[in-house]
Amino acid sequence: MALEGLGELEHLTLLAIARLGPDAYGVPVLQELRRITKKTISRASLYVALRRLEEKGLVGSRLGEPEPIRGGRAKRYFHLRPAGVRAVRAQRAVLLRLWDGLPILE
Amino acid sequence: MRPPRPPRLAARLLDALLPAGSRDELLGDLHELFVDETSALGRTRARIHYWREALLLVIRLRVTHGRRLATPSPAGLRDDVRSALRSARRAPLATIAALATMSAGFAGATAIFSLADPLLIRPLALPHSEQLVSIKHTAPDRSVQLSAPEVEDLRTSGAFNAVSGYTSSTRVLTQVGPADRVMVAEVDASFFTVLQVSPVAGRVFDASDFTAAGPRQAIVSEGFARGRLGGTEAAVGRVLALNDEPFTVAGVVPSSASAYPEGTQIWLPQRLRAMFRGRGMHMLEVLARTSHVGETLQTVVATLGDRLAAASPGAHKDIRLVAVRIQDEMVRSVRPVIRLLMIAAAALVLVACTNVAALLMMRLTQRTHELAIRVALGAGQARLMRLLTVESLLLAGAGAIAGILFAVPTLAVLVALSPAELPRQGEVGVDSRALAFAGLLALASGCLAAAGPVLLARRIDGRIRQDARMTAGKAAQRARGALVIAQLATACCVLVSAALLGRSLHELSRVDMGFEAASVIRLKVALPLRKYDEVEAQTRFFAPLEERLKRHPDVAAAGIGWSVPLGGVRFPARLRAPPQADPPADAPNAEFNFVSAGYFEALRIPVLRGRTFSAADQRHSLPVAIVSESLERRLWPGGSAVGQTVEDLESNQGVFTIVGVARDVHQAGAASPAAAMIYRPTSQFFSGIADVLVRTRTSPSDFASTLAAVVHDLDPDVPAGHVETMEKVVASATARTRFTAFLVGMFAVTAALLALVGVYALVGHSASSRRREYSLRMALGARPWDLGRTILWQGSRLALGGGAVGVVVSLATGDLLRALLFGVNVRDPVTLVGIPALLATAVLAACFVPARRVMRLDPAAVLRDDTGT
């Protein structure tokens, strides 16, 4: 099944990257996740999730330019790859089907 | 306001521990978050968060996911390689020098490894060769074979899986192709059981082959069967003649059987005559297979030795039975040589590594500024270290490839120069094992060479300073000074060894051998037994041969001898001089030689007292002998031997009257004492084989064909073998020392040159980097010589340090060399002072060039050019 192995944080991260568009590097992704989930998510968990997504071929990345505000370090920008888009779509479809007929919970 | 800085320790921790490929982005993200949080939550909270995140990252990425994420990114490695190549291109001369050093070191080391591998490491081709031992009686001064009853005792003792007694000799092969000399072993029935060799065609010996009647059988090696008898199957049933006695080939065994005794091609069934079967007839070499090892084996053998001694009450009291692994026995004489050569080669590699390390350090000093910038931009120290290691490994790898290419011709030269006694020469070659060795060596020396620069690089931090060059430079300078001292010390040690060997060689050549080899040639003849089977027949051939040769106008003297000095053949004698009672415990060890009167003339061995042999000494006349001075001194201390009688206790020759005393001859080489010799006339003892010696008036090698023709003319059935000059025989006796001295000398000179390159590079570099300082001092009134002296003083300190360490190490490791020296002490003061002095002179000469350059500085020009930099 296509969704097997897509963890919750990975799912959320995919959506956060999609929301941020071209500006999706580590810091904004983390802030977006924290803002939406209202939870403290550690940078380490996010990093592991990002690497897994990359390994699964769901997101791609490129290195940006080093910037002084970052102590002279480069940023790594992430973007959704077609497989990533398919994965979130499929996930959404499954969730919608599951929600169907459960109005009580809303 | 100053921008907030994240906690330094945490940042460094991350820098060192995070995977290289993602270090930048993570540190960047953390930095950015930290800056945000500092303004939002305050400095302390932000720092705590930073620390927490840093630790979590390290734990999650290194510990939990370590294996998956820690693999170095190939892209980074490619960058390192590219950067290394770039920096190699920037300093082509230094790179070439480093490469040349490395390849010289590797060529030497690989060639020596290829030479040493079959000798010291690789087992013999025989099955479980580590179980094979050779057993002998050994006394302090010699070793003695066992007798047939003793071999039987060993066999029934149950201490060995199998025991075989055999004898080994060289015989003249005829009837199959051109006459030739072959190594033959006469073996008992269990020989091939001991070797664990089974025939590839035909059979090995069975009991019927050892009974006296019937045609004699032979077993040949596969190589011999293919080369001489047209293949293994075709060989069985062929007839060949050894010393003119026919043998039928019964079987063929694999060539691995020739491994011990090395070079044996034909095996014959042993038929000891009854007279040689006594307990005192020590004629047999013993080869045994045993599962005992080490201490146990020696204890077992010593116990057996006591039992054997108890069975023969007349034996020497200080004799012991000893078992030696055959592989150890074969290499015993060359082991110290090979070990010394391996050490010399290792020293060369070490010096080469040091040069590469020095090169890297020099580059590091020049690049301190650049590297500091890289660190500041986030390159990370681990990255720097990797860069340096990659650079060093690339140099070592390229050096190894060049070294292997050079190793092939080097090895060819080594084998060509090596003494004939070097065993297993056929197995020497640059093979896959040598390649693997060179690869490992390259890896090890690459890492070794990188160690110094990497340690230095740790001092580089992200602070970019105008004086960065100076601080890192000083440390580098000190480290390079230490390296150069190490180089000089290594070179000094190898030079001392080479000088000691050279002096030994000189001492050996100065020894008066007791005979004159110049202008003498020798021809080995073996009389065919069917025509010459006793003394008179032998005299019928030898006497006219000597006569004809003497009449030849080019011949100054001619003679016949069973053996020649340094010829390597010995006929041990146990003698008793009546009226002494038989004292077997210290019966003098002497050697027989069977010679004609011309032997003494041909070799110019003076007969000091009494007379030499003459035509009157015939088979049935009075049995006579001539003894050497040392034997005279031993048997008749203070008196004259002439007119005395002596009795042979071992080979049934009876009692002889001494008619003359000849001068001592170093029979076994200059390094051994003169042998106690007893000469008997060829006309009174049948030996069957002999060396014909001719002292020529013209060049001896021109006479070789004439000599062979004279022999052929006299009797075409006598195979005239190999002719060589006595000078060559003498030279081959010192071949081992010459070979060692030459090689160690080559290594020493190379190591010294490399060390001088190191000195020159260090002093030159430091002189040129201090040009500004020197110019200033000159402008302030210093005289050129004051500055030159500083530089020379720097060189002298290096030379003193290197020489001192070198002498101490030489003194400490002298034992490695002792076995190879002759006539010179390991702690020879002349060498131990002279060599460091010589090296110091060379070092000062190398420093002279930069010193002169500094003395000729134009201070105005330098200061003008350097202003503002």
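Proteins get letters first, then strands, A, B, ... in listed order; numbering begins at 1 in each. What you see below is based on every heavy atom in this structure, not just the backbone, and it leaves out hydrogens, waters and symmetry mates.
Between the side chain of A:Arg62 and the main chain of A:Phe78, no donor-acceptor pair closer than 3.5 Å is present. Here the side chain of B:Ser392 pairs a donor or acceptor atom with the backbone of B:Gly446 at under 3.5 angstrom. With hydrogens and angles ignored, the 3.5 Å screen pairs no side-chain donor or acceptor of A:Glu10 with any backbone N or O of A:Ala49.
Residues passing the side-chain contact (heavy atoms from CB on, under 4.5 Å) test with B:Leu393 are B:Thr389, B:Leu443, B:Cys447, sequence neighbours excluded. With sequence neighbours left out, the salt bridge (Lys or Arg N to Asp or Glu O under 4.0 Å) criterion links A:Arg97 to no other residue. A search for ring-ring contact (aromatic ring centres under 6.0 Å, His included) contacts involving A:Tyr25 returns A:Tyr77, not counting sequence neighbours.
Residues of residues 27-37 of chain B that come closer than 4.5 Å to chain A, counting heavy atoms only, are B:Leu27, B:Gly28, B:Asp29, B:Leu30, B:His31, B:Glu32, B:Leu33, B:Val35, B:Asp36, B:Glu37, ordered by residue number.
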